[in-house]
Amino acid sequence: MRLVLLGPPGAGKGTQADRIIKRYNIVKLSTGDMLRAEVAAKSPLGQKVEDVLARGELVSDATLIEMISNRIDQADCKNGFALDGFPRTTPQAEALDEMLAQRGLKLDAVVSLVVDENALLARIETRAQENAGAVRADDNAEALKKRLEVYRNQTLPLIEFYSKNGKLKSVDGMASIDDVSASIYAILDAVQE
Ligand code: AMP
């Protein structure tokens, strides 16, 4: 099972990815988590991208494409993966198709979490409170505004990209966490056959 989770910041991609990977015995590939780990480790890449992340802007396509291309070759990805936060731009989506095709693989589904934008700020504020002590540098009003703007301009075109190739499945992301999971499982169970 190989899938992409699409949706704006705060839509619940990470929460749903954590559940999906348990059910389908696959791994979660969260590019945000991977980049934050680089920042925490103060690696050369981490030092390079720290300010970009804090501002809510995007790291370069080349960096992300290389990161994912290396990651999917690791042994734990053999049974599949849920991509959370990648692709985020059309060039990344095209590169993903290409890297999968080169390996004789394909995406089984692209799940789009559809949410009301007004609810996002509240959700992210809740996340910041729940994680008190480990607050994300980009979970503040200014960076969130930027992240939403970047989502609209750079990532929203992927909805069109994936609906054209017939992979897109939309789910009501405003439902309860359990209901969203149930809708996603129904979609993934059906494509797994
Ligand atoms: P996330 O945890 O998915 O919200 O990602 C946090 C931040 O990491 C984003 O605001 C970007 O700065 C960076 N990032 C994560 N994934 C990507 C990506 N696919 N392309 C570019 N930047 C990314």
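Counting convention: from 1, in listed order, for ligands and their atoms alike.
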- [ ] In plain terms, say whether Arg152 and Glu149 are close enough for a salt bridge, that is, a side-chain N and a carboxylate O under 4.0 Å apart.
- [x] no
Task: Leu35 neighbourhood, listing ligand 1 atoms whose heavy-atom distance to it stays under 4.0 Å - done: 8 (O), 13 (C), 14 (N), 15 (C), 23 (C)
- [ ] Can you sort out which atoms of ligand 1 are near Gln92, meaning under 4.0 Å from one of its heavy atoms?
- [x] 18 (C), 19 (N), 20 (N), 21 (C)
TODO: Using a 4.0 Å heavy-atom cut-off, say whether Val59 meets ligand 1 through its side chain, its backbone, both or neither.
DONE: both
- [ ] Flag Arg88 as yes when one of its N or O atoms lies below 3.5 Å from any N or O atom of ligand 1, and as no otherwise.
- [x] yes
Open item on the list: Between Lys145 (side chain only) and Asn140 (backbone N and O only), is there a donor and an acceptor less than 3.5 Å apart?
Closed with: no
- [ ] Give yes or no for whether the N/O distance cutoff of 3.5 Å, strictly under, is met between Glu57 and ligand 1.
- [x] yes
Task: Interfacing atoms of ligand 1 (cut-off 4.0 Å, heavy-atom, Thr31) - done: 15 (C), 16 (N), 17 (C), 19 (N)
- [ ] Just jot down the ligand 1 atoms closer than 4.0 angstrom to any heavy atom of Leu64, in number order.
- [x] 17 (C), 18 (C), 19 (N), 20 (N), 21 (C)
Task: Check: Leu53 N/O within less than 3.5 Å of ligand 1 N/O - done: no
Which pairs of donor and acceptor atoms, one on a side chain in residues 75-87, lie under 3.5 Å apart (sequence neighbours left out)?
| residue | atom | partner | partner atom | Å |
| --- | --- | --- | --- | --- |
| Asp76 | OD1 | Arg71 | NH1 | 2.9 |
| Asp76 | OD2 | Arg71 | NH2 | 2.7 |
| Asn79 | ND2 | Asn25 | O | 2.7 |

May I have the list of side-chain donor-acceptor pairs in residues 49-66 shorter than 3.5 Å, sequence neighbours left out?
| residue | atom | partner | partner atom | Å |
| --- | --- | --- | --- | --- |
| Arg55 | NE | Glu57 | OE1 | 3.2 |
| Arg55 | NE | Glu57 | OE2 | 3.2 |
| Arg55 | NH2 | Glu57 | OE1 | 3.3 |
| Ser60 | OG | Thr63 | N | 3.2 |
| Ser60 | OG | Thr63 | OG1 | 2.8 |
| Asp61 | OD1 | Thr89 | OG1 | 2.9 |
| Asp61 | OD1 | Gln92 | NE2 | 2.9 |

TODO: State whether the side chain of Arg19 and the backbone N or O of Thr15 hold a donor-acceptor pair below 3.5 Å, judged by distance alone.
DONE: no
TODO: Could you tell me if any non-hydrogen atom of Arg36 lies under 4.0 Å from any atom of ligand 1?
DONE: yes
Task: Other residues, nucleotides, ligands: >12 heavy atoms within 6.0 Å of Glu94 CD - done: yes
- [ ] Spell out, as yes or no, whether a donor-acceptor pair under 3.5 Å connects the side chain of Lys13 to the backbone of Leu5.
- [x] no
